[in-house]
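See below for the structure under consideration.
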Amino acid sequence: MGDPLQKGYEPHNVEVKWRRHWEKTRAFTPDPDAPGEPFSIVIPPPNVTGALHIGHALNLTLIDVLCRHARQKGKNVLWIPGTDHAGIATQNVVERSLANEGASRQSLGRWAFVKRIWEWREDYGHRILEQISAMGASVDWTRLRFTMDDGLSAAVRKVFVRLYNEGLIYKGDYIINWCSRCHTALADDEVDHKPDRSKLWHIRYHLADGSGHIVIATTRPETIPGDTAICVHPEDTRYTHLIGKIAILPVLNREIPIITDSYVDKEFGTGALKVTPCHDHNDWMLGKKHDLAFIQVIDENGIMTSESGHYAGLTKQECREQIIIDIQAAGDIVEVSDIEHAIGHCYRCHTVLEPHVSTQWFVAVKKLSKAAHDAVPELTQIFPESWLKTYFHWLDNIRDWCISRQIWWGHRIPAWTCAACGTLTVVEKTPEVCPKCGDPRLAQDADVLDTWFSSALWPFSTMGWPDSTNDLARWYPTSVLVTGFDILFFWVARMMMMGIHFMGTPPFRHVYLHALVRDADGRKMSKSTGNVIDPLEMINKYGCDALRFTLTAFAAMGRDIRLSEERIEGYRHFVNKLWNAARFVLLHVSDAPEPVDIENVSGLHHQWILHRLETVKAQNDQALTEYRFNDAAQTGYKFLWNEFCDWYLELVKPDLDPKAENQQRTVRYVLWLVLRETLILLHPIMPFVTAEIWQALPAPQDAAATDFGTDLAREPYPAQRPGCVRKEQAQRMEFVQAVIVAVRTIKAELNIAPSHKTKLILISADSVHAALLEENRAMIMTLARLESLTTATDIQVPKASASAVVQGCQIIVPLLGTVNLAGELQRLEKEFTKLEKELVTANKNLLNESFTTRAPAEVVEREQKRAAKLMESITTLQSLKNRFAEALAEEQTME
RNA sequence: GGGCAGUUAGCUCAGUUGGUAGAGCACCGCCUUCACACGGCGGGGGCCACAGGUUCAAGUCCUGUACUGCCCACCA
């Protein structure tokens, strides 16, 4: 600590140093008994096998900004980190690596395979944790959790058993989405619907009584062996005469009934639908409704079963080709057309899914969804609000949740079947014998639970539930959940249901759904497209603070972020700017400055910067409490760069001249104070660079020499100083700034080098302005780079001069040598037209009687003042123009 | 088929109760000023998608249209 600032900011060493310091001092490990309003967040747990991607980077940055800000505000902050075992995803990863060794999970066996995954997790699970740390996330590492920890696993079993006993978990036959590659069932929302080009075959089914035929349209002829009915719309007059008749299945020659249901779309295909209850979700529903036969013709490996006649043993693709040939041969293919439709893919491995009938475990979420609906927005508010409808719609149309997965990595289902009497026992602890018959031959259900089952418990299982812990008492429910909208259903809604059911309270007060990070062209980032921006690479190149600032600055509510490397590079400049501003301050403030009474400080520039600081403090705080991250970043950026650096630092330079002894005390103190508080404001967004500057900055004279003085992460948010709020003084400063800018513009437009010192004459409209300009002549002299300054209310103006008008005040820059009078006149004309245009719009309102009578008095007054000022400026400009015209005329006469 | 966003400067986007259109980057000039060239100063550039409506006043509120994107859904 206490290192001086080197010439250039080098992020890497600084980041490592502070990460170590914060970890060593347990800066982010809160004490449940400590005072302060509780503030808690649970991390959206990344997959153990995953690597940090830009989405994590955004998520972690936003959460960290909130947590660090909450700490500054004196809250007792807990941020729990952790990882998710990610069942299918992790199993797939390890299976792939096994395949490289020529092995498979089957060859290893269940026990060895699971052991292998645990080993894998030992190696790679730490990688993601290290990466979370690299983002600067102020998590409490002492409370690190993993969804398959003993504690969390116990919570999973408890929840399962309780829901089972309450009748909210049941086992049943159902048509589910089957991935024949992952070899498991998937929940409805794990299905990825992607458009696919296919053929639509129109096939003739003959009637059993020989009286004719009916033509159906299908995209899946291989399921024909599983047909158990044909269905038409009851009001479809084309088919009325066929209802109740029997049709003959092509090739297999089985008899099936022709039934009716209004589900059928008369417009699609031929209006006649073949019903295959075992291999289509809708057909399943029709089969149940009309009590049809259920014939499974495709097995879980995608192979035709013995029910499919002579197609048995073929793959479903081979069967499709063969059956078409066979039907074609019989002359019953009526038509083949192209069709584009959506088919389901596995969201993990992208294999085409097969609807499949099997016995699975379900959660009766229909019974849990109402409470989750009703808790919003009274108990839990969702931001941005545009997601409300989506959330409600999903809950209101929810279907029971299939939670069993036929994989090996995950929480085993705590259900045992007795080999002797067949009794199913669902208990938390592995039973020794069957509770019914006492037989010890018990077989545990082979399935594991959907990953999202344990994730749904995350907000309370991580705090030690089912024990009643201090953490739960202090920090449940959590303050806010920050996550991407893409897992609103997978995760957020399910946490709501479980939290309410088991804790009696929804798990969060706020839900903030942030955007997706896309590439510069708005495309989703993906490895296959090759357009990913790797956060770690960005940290390496530009520093963590630059990355964090970029993500924060672009995190406007409800909008996707289009990110490109150039933006991060751009914000690195800001980090550098801050660094150099600090170096400048440290050049002059090397030890603790003597306090001055800043509420009564003299000097317009000091009053102005202190006033601005107060405004920015309030705005920054407000923005963060409203999740307007981009506004918070923007506010800090503009203040530091455009006000503190561009103006204040330049303004104090003359004061810092050793000859200006009497000014030094005030300047040093204000410089120090403003930088200090700016560092606090920026710290949540840019923790590293601010912490490093902070420790180099002298501590207050009265501060105890403890860690609290040198670690910015422990510094409270600066209190408001109402005495420093001085709007009028700030406006005066703005007037002086406008005068300076006017002079600079004249110089620039006349191609006079900025360093060339000119004379300046200021002719004020009134004595107040005159006094103001006279009082601040030093500022104007320096920043406008003048040789001399004359202020007056009336003076003989040299004819050869450039001029401008600011709020009625004439800016006269006398010119030496040859002057392009015509060019100068043109410049004034341009300005004149601009002002006139403004006056026209102002007058349009003022001359309108309905405006003056109906608009609020203050608006009318403001408009009048504006018009008056414009008039003043226009008059002045007019006289300047006249003078130039005269001079020009003289010049021409002389020639 | 339903729902939700978006359309503002060349590009990416702000614009919080309606009250004089903003930023960053890019662009054009000038500047090796002792914190910073990852810099300074100045400048150009916009019928706020389109059409109506409400209002004294609309980028902002309402209705419709056109594109763009996303989510949900059982069209075989």
Side-chain angles (χ1 to χ4, degrees), chain A residues 5 7-9 189 193 200 216-220 223 231 263-265 267-270 272-276 280-286 339 341-342 384 386-390 393-394 397 485-486 488-489 516 518 520 522 524 542 546 553-554 556 558-564 566-567 569-588 622-623 626 628 630-631 634 637-638 642 645-646 649-650 653 740-741 744-749 751-756 783 785 838 841-842 844-845 848-856 858-860 862-863 866 870:
Chain A
L5 302 191
K7 174 123 177 129
Y9 175 57
D189 50 13
H193 290 277
L200 185 63
I216 58 89
T218 182
T219 54
R220 301 201 57 202
T223 64
C231 191
Y263 157 75
V264 176
D265 180 355
E267 309 302 320
F268 189 89
T270 63
L273 169 72
K274 72 181 206 55
V275 184
T276 321
D280 184 278
H281 290 90
N282 306 304
D283 292 8
W284 163 268
M285 180 196 75
L286 284 173
I339 185 172
H341 65 150
S386 52
W387 285 103
L388 269 185
K389 271 196 176 180
T390 312
H393 183 262
W394 188 79
N397 295 284
F485 59 76
D486 49 329
L488 178 61
F489 308 135
L516 230 58
R518 298 173 176 281
K524 234 175 176 164
Y542 308 109
F554 282 100
R559 243 186 125 128
D560 283 348
I561 297 174
R562 291 192 182 195
L563 192 69
S564 66
E566 292 82 68
R567 307 235 161 102
E569 194 182 354
Y571 280 111
R572 180 184 54 161
H573 299 177
F574 178 63
V575 177
N576 193 252
K577 187 74 182 177
L578 174 61
W579 182 260
N580 281 296
R583 290 209 314 134
F584 175 78
V585 172
L586 282 164
L587 215 59
H588 299 96
Q622 186 68 19
E626 291 171 10
R628 288 183 285 113
N630 56 326
D631 284 343
Q634 197 71 218
Y637 184 99
K638 282 186 179 168
N642 302 124
C645 291
D646 288 350
L649 292 189
E650 295 306 321
K653 278 179 182 173
I740 293 166
V741 169
R744 286 171 174 170
T745 307
I746 287 173
K747 282 193 185 182
E749 292 191 342
N751 263 336
I752 300 169
S755 52
H756 179 75
L783 294 204
R785 294 177 162 254
E838 268 188 65
T841 46
K844 208 167 77 187
N845 273 338
N848 185 345
E849 201 184 331
S850 44
F851 172 77
T852 47
T853 52
R854 296 203 196 194
E858 57 175 73
V859 174
V860 176
R862 194 164 59 219
E863 204 66 7
R866 189 181 139 216
L870 282 169

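Residue numbering restarts at 1 for every chain, and letters A, B, ... go by the order of the sequence lines.
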Strictly under 3.5 Å: I want the nitrogen or oxygen pairs between protein and nucleotides 72-75 of chain B, one per line.
from   : atom 1 : to      : atom 2 : distance (Å)
C74(B) : O4'    : N282(A) : OD1    : 2.8
C74(B) : O4'    : N282(A) : ND2    : 3.3
C74(B) : O2'    : Y263(A) : OH     : 3.3
C74(B) : O2'    : N282(A) : ND2    : 3.0
C74(B) : N1     : N282(A) : OD1    : 3.4
C75(B) : O2     : D265(A) : OD2    : 2.1
C75(B) : N3     : D265(A) : OD2    : 3.2

Tabulate atom names and distances for all N/O pairs under 3.5 angstrom spanning the protein and nucleotides 61-63 of chain B.
none

What does the list of N/O pairs under 3.5 Å between the protein and nucleotides 16-22 of chain B look like, with a distance for each?
from   : atom 1 : to      : atom 2 : distance (Å)
G19(B) : O2'    : R862(A) : NH2    : 2.7
U20(B) : O2     : E838(A) : OE1    : 3.3
U20(B) : O2     : R866(A) : NE     : 3.3

Between protein and nucleic acid, restricted to nucleotides 7-11 of chain B and to nitrogen or oxygen atoms under 3.5 Å apart, what atom pairs and distances do you find?
none

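Of the C1' atoms belonging to U55(B) and C13(B), the separation is 30 Å, rounded to the nearest Å. Atom name C1', nucleotides C67(B) and G24(B): the rounded distance is 27 Å, in whole Å. Rounded to whole Å, the C1' atom of U7(B) lies 14 Å from the corresponding atom of G46(B). When the P atom is used for both A37(B) and G29(B), the distance is 22 Å, rounded to whole Å. The gap from the P atom of U33(B) to that of C41(B) amounts to 14 Å, rounded to the nearest Å. Here the separation of A5(B) from A21(B), taken at their C1' atoms, is 23 Å to the nearest Å. Comparing U60(B) with U8(B), their P atoms are spaced 13 Å from each other, to the whole Å. On the P atoms, A51(B) is 13 Å away from G59(B), given to the nearest whole Å.
The side-chain heavy atoms of T852(A) and E863(A), taken from C-beta on, include no pair separated by under 4.5 Å.
When heavy atoms are screened at a 4.0 angstrom cut-off, D646(A) is found touching the sugar-phosphate backbone but no base atom. Counting non-hydrogen atoms under 4.0 angstrom, L516(A) reaches nothing in the nucleic acid. Among the atoms of the strands shown, base atoms are found under 4.0 Å from some heavy atom of R572(A). V275(A) comes within 4.0 angstrom of nothing in the nucleic acid, heavy atoms only.
Per the geometry, NZ belonging to K747(A) stands 15 Å off P belonging to G43(B), to the nearest Å. Atom C1' of nucleotide C34(B) and atom CD of E650(A) are separated by 12 Å, given to the nearest angstrom. The nearest whole Å value for the distance from the CG atom in L649(A) to the P atom in G39(B) is 15 Å. What separates CG of N397(A) from P of G3(B) is a distance of 13 Å, to the nearest Å. G39(B) atom P lies 7 Å from atom CG of N576(A), rounded to whole Å. With rounding to whole Å, I746(A) atom CD1 is found 20 Å from C30(B) atom P. Here the P atom of nucleotide G24(B) and the CG atom of N630(A) are 15 Å apart, to the nearest Å. Nucleotide C4(B) holds its C1' atom 16 Å from the CG atom of D486(A), rounded to whole Å.
Minimum heavy-atom separation, V264(A) to C231(A): CG2-SG, 3.6 Å.
Every residue was checked against the side chain to side chain donor-acceptor pair (under 3.5 Å) condition with Q634(A), not counting sequence neighbours, and none meets it. Every residue two or more places apart in sequence or in another chain that forms a side chain to side chain donor-acceptor pair (under 3.5 Å) with D631(A) is listed here: R628(A). Take D646(A) and apply the side chain to side chain donor-acceptor pair (under 3.5 Å) test, not counting sequence neighbours, and it matches N642(A). The side-chain contact (heavy atoms from CB on, under 4.5 Å) test applied to R572(A) returns Y542(A), A546(A), E569(A), not counting sequence neighbours. Considering only residues two or more places apart in sequence or on other chains, R583(A) meets the salt bridge (charged side-chain N to carboxylate O under 4.0 Å, His left out) condition with none of them. Residues passing the salt bridge (charged side-chain N to carboxylate O under 4.0 Å, His left out) test with K653(A) are E650(A), sequence neighbours excluded. Looking at residues two or more places apart in sequence or on another chain, you find a ring-ring contact (aromatic ring centres under 6.0 Å, His included) between Y571(A) and F549(A), Y637(A).
Taken from CZ in R785(A) to CD1 in I740(A), the straight-line distance is 12.5 Å, to the nearest 0.5 Å. Considering CG of L200(A) and OG1 of T218(A), their distance stands at 7.5 Å, rounded to 0.5 Å. Note that OG1 of T276(A) is 8.0 Å distant from CZ of R220(A), once rounded to the nearest 0.5 Å. In this structure, L273(A) CG and D283(A) CG are separated by 5.5 Å, a value rounded to the nearest 0.5 Å. Annotation: the span from L488(A) atom CG to F485(A) atom CZ amounts to 10.0 Å, rounded to 0.5 Å.
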Dot-bracket for RNA chain B, 5' to 3', Watson-Crick and G-U pairs with both distances under 3.5 Å, [ ] for crossing pairs, | for partner on another strand, reads (((((((..((((.....[..)))).(((((.......))))).....(((((..]....))))))))))))....
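Distances from the side chain of F485(A) to the nucleotides A35(B), G24(B), C70(B) place C70(B) closest. Distance from the side chain of K653(A) is smallest to A35(B) among A35(B), A5(B), C38(B). For F584(A), counting side-chain heavy atoms from C-beta on, the closest listed nucleotide (A35(B), C70(B), G42(B)) is A35(B). Listed candidates were A35(B), G24(B), C4(B). Nearest to the side chain of S386(A) is C4(B).
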Stepwise side-chain contact (heavy atoms from CB on, under 4.5 Å) check, V859(A) with F851(A)
CA-CA 10 Å; V859(A) 174; F851(A) 172 77; 4.1 Å; yes
(message) One pair to check against side-chain contact (heavy atoms from CB on, under 4.5 Å): T223(A) and D280(A). What are the steps and the verdict?
(response) CA-CA 9 Å; T223(A) 64; D280(A) 184 278; over 6 Å; no
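Within the structure, a side-chain polar atom (N or O) of R744(A) is placed less than 4.0 Å from OP1 or OP2 of G42(B). In terms of phosphate contacts, K389(A) brings a side-chain nitrogen or oxygen within less than 4.0 Å of OP1 or OP2 of C4(B). The phosphate of A37(B) (OP1 or OP2) has no side-chain N or O of K577(A) nearer than 4.0 angstrom.
Residue-to-nucleotide proximity on RNA chain B shows that, of A581(A) and N848(A), the 5′-proximal contact is made by A581(A). Mapping S850(A) and V741(A) onto RNA chain B by nearest heavy atom places V741(A) closer to the 5' end of the strand.
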